[in-house]
Amino acid sequence: LWPVSDTQKSTALAILMFLIHIFRMSVFFLVAGLLAHMLFHRLGLAAFWRNRAARILAPLVLAWPVCFIAIGAVVLWALARSNGGQLPNPLPSGLKESGLNFLHLWFLYLLLWLYALVIALRNVWQAVDTRGVLAAGADRTLRALLASRAGVLMLAAPVAVALALIPDWNIWLGVPTPGYTLLPPAVPLFIYAYVFGLGWLLDRQRSLLDKLAQHWRVNFALGLVAVLVCLQAGSAGMQAIGARQSLLAAAYGLALMSWALAFVGAGMRYLSQPNATLRYLADASYWMYIAHLPLLLALQTAFMLLNWHWAIKYLLINVLCAALLLLSYRYAVRPTWVGLLLNGRRQPRGTGA
């Protein structure tokens with residue numbers, strides 16, 4: 001599935017990838033929903049869309065062609081390196097297939113869909129719920145679920161049902177990536193919209209974040225049990241069908257929701273105080289996300305044929321990639337129009353963490 005094939009293989013890294021993939025996007029969309037609600041009520045509808053066009057749509061449109069060309073070039077380099085310095089003839093069939101590919105920038109594309117969906121749903125909701133009865137009921141329900149240590153089981157149920165409906169679902173890839181079609185596939189769109197919507201509702205009751213902070217250990221432990229079920233049941237094969245798919249979908253849905261709430265809660269518990277270094281890294285993270293994949297692939301290609309232990313390669317590639325991205329952010333992004341575009345402000349040269 002990955003265009004760079006290293007000489008060193010590792011089951012441990014495969015499991016690590018699986019574990020990170022369970023929670024990373026659910027955390028992202030949960031926080032995105034919370035911040036979207038905050039921004040919408042701070043700015044109003046028109047200013048909200050102007051802000052999202054500048055901060056989400058414009059980076060997507062500007063970065064995609066650059067990343068596409070850079071990634072394509074690195075993939076060709078990797079193919080040549082693995083083939084004695086010459087491109088294979090014929091090229092792998094996957095390179096010849098045409099079709100839409102948002103690359104890693106599908107996060108941004110899906111966010112635009114979620115903004116539109118949540119605002120449309122909000123308009124319908126307000127038209128139906130003119131007295132606020134349904135909204136109050138939704139707030140009470142979410143309060144009750146997050147106050148209960150077992151509430152996460154009910155919150156995870158819609159995710160589990162959605163995963164169980166995917167034909168020939170591959171558990172090792174988790175929620176299918178909705179980055180290859182103009183209209184996002186129904187299941188991943190539903191799952192991420194659901195998590196995004198929970199974040200939207202959380203911002204209506206900020207005190208619930210304290211509940212997440214209180215229960216983060218319980219949620220993490222519950223998710224860990226679900227993960228162990230996934231690993232044990234999934235070890236029989238990648239494809240899941242029938243009753244086995246229902247079991248894995250239930251376990252994976254619980255792991256996804258539990259760990260999303262656990263990591264947000266842990267963040268509230270331990271990272272709520274102002275910290276200049278964390279603030280700087282938060283500012284840099286948007287640039288690092290956009291620019292990381294071509295650089296990471298290039299570093300992997302440079303190291304791929306070295307007969308070094310996989311742990312050494314993994315450490316060096318990640319450290320070098322992060323260092324180069326932070327340096328480029330410091331000198332080529334933060335004080336320029338790119339920093340203004342990504343962070344909403346341009347910091348003067350000489351300012352840092």
Side-chain angles (χ1 to χ4, degrees), residues 25-64 102 105-143 146 178 182-184 189-212 260 264 267-268 271-272 274 278-279 282-287 289-290 333-334 336-347:
M25 294 316 306
S26 52
V27 169
F28 174 85
F29 284 114
L30 185 72
V31 174
L34 187 151
L35 296 178
H37 182 272
M38 181 197 311
L39 194 65
F40 178 82
H41 286 276
R42 181 186 298 169
L43 299 180
L45 179 61
F48 173 84
W49 278 118
R50 287 195 297 270
N51 179 280
R52 297 296 81 188
R55 299 288 304 284
I56 303 297
L57 179 59
L60 171 62
V61 171
L62 293 174
W64 182 85
F102 284 105
L105 303 177
W106 68 263
F107 304 171
L108 303 182
Y109 181 67
L110 194 62
L111 272 180
L112 297 173
W113 275 94
L114 297 182
Y115 295 144
L117 285 173
V118 74
I119 290 174
L121 181 60
R122 179 180 181 273
N123 291 337
V124 172
W125 189 296
Q126 287 187 329
V128 173
D129 187 28
T130 56
R131 306 176 88 177
V133 176
L134 294 177
D139 289 340
R140 284 196 302 272
T141 300
L142 187 59
R143 278 200 307 273
L146 293 183
L182 196 61
L183 177 65
L189 178 62
F190 168 78
I191 291 174
Y192 291 135
Y194 173 69
V195 176
F196 183 92
L198 287 178
W200 182 277
L201 293 176
L202 274 173
D203 193 59
R204 287 171 53 88
Q205 306 177 84
R206 281 298 186 87
S207 61
L208 294 181
L209 294 174
D210 295 331
K211 295 293 183 184
L212 296 186
V264 171
M268 291 298 302
L271 303 176
S272 290
L278 290 180
R279 175 71 266 174
D283 288 344
S285 64
Y286 196 2
W287 164 252
Y289 149 66
I290 288 176
V333 174
R334 188 172 172 87
T336 69
W337 65 270
V338 182
L340 177 64
L341 179 69
L342 298 181
N343 296 331
R345 61 192 181 279
R346 177 167 52 190
Q347 298 289 351

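Residue numbers count from 1 along this sequence. As the structure is a computational prediction, the values presented were derived from the model and not from experiment.
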Under 3.5 Å, which donor-acceptor pairs link side chains of residues 110-123 to any protein atom two or more places apart or in another chain?
unit_1 : atom_1 : unit_2 : atom_2 : d
W113   : NE1    : Y109   : OH     : 3.1
Y115   : OH     : R52    : NH1    : 2.9
N123   : ND2    : I119   : O      : 3.4

Donor-acceptor contact below 3.5 Å, side chain Q205 vs main chain R143 | no

Minimal heavy-atom distance between L182 and P184, with the atoms involved, is O-CD, 3.5 Å

Interatomic distance, K211 atom NZ to L142 atom CG [nearest 0.5 angstrom] | 12.0 Å

Please examine the side chains of D203 and L209, heavy atoms only from C-beta on, and report whether any two atoms are closer than 4.5 Å.
-> no

Distance (rounded to the nearest 0.5 Å) between L134 CG and D129 CG | 4.0 Å

Atom CE of M268 and atom CZ of R206: how far apart are they, to the nearest 0.5 Å?
-> 7.5 Å

Minimum-distance pair of heavy atoms, taken over all atoms of L341 and A54 | CD1-O, 3.1 Å

Donor-acceptor under 3.5 Å (R345 side chain, L340 main chain) = no

Answer yes or no: is there a side-chain heavy-atom contact under 4.5 Å between P59 and L342?
-> yes

Smallest separation among heavy atoms of D283 and R334, with atom names | OD2-NH1, 3.6 Å

Evaluate the side-chain proximity of M38 to L34: yes if any heavy-atom separation is below 4.5 Å, no if none is.
-> yes

Run the side-chain contact (heavy atoms from CB on, under 4.5 Å) check on D139 and R204 step by step: do they pass?
-> CA-CA 8 Å; D139 289 340; R204 287 171 53 88; 2.7 Å; yes

Taken to the nearest 0.5 Å, the spacing of L39 CG from F48 CZ works out to 6.0 Å

Can you measure from OG (S207) to CG (L146) and round to the nearest 0.5 angstrom?
-> 10.0 Å

Could you tell me if the ring centre of F102 sits under 6.0 Å from that of F107?
-> no

Show your working on side-chain contact (heavy atoms from CB on, under 4.5 Å) between L198 and L202 and close with a plain yes or no.
-> CA-CA 6 Å; L198 287 178; L202 274 173; 5.5 Å; no

Taking T336 for its side chain and V333 for its backbone only, find out whether a donor-acceptor pair lies under 3.5 Å.
-> yes

Does the pair Y289 and L108 meet the rule for a side-chain contact (heavy atoms from CB on, under 4.5 Å), with working shown?
-> CA-CA 11 Å; Y289 149 66; L108 303 182; 3.7 Å; yes

Report yes if the side chains of N51 and I56 come closer than 4.5 Å at any heavy-atom pair, otherwise no.
-> no

Roughly how far, to the nearest 0.5 Å, is the CG atom of L201 from the CZ atom of F196?
-> 11.0 Å

According to the interplanar angle, ranging from 0 to 90°, do the rings of Y192 and F29 count as parallel (below 30°), tilted (30 to 60°) or perpendicular (above 60°)?
-> tilted

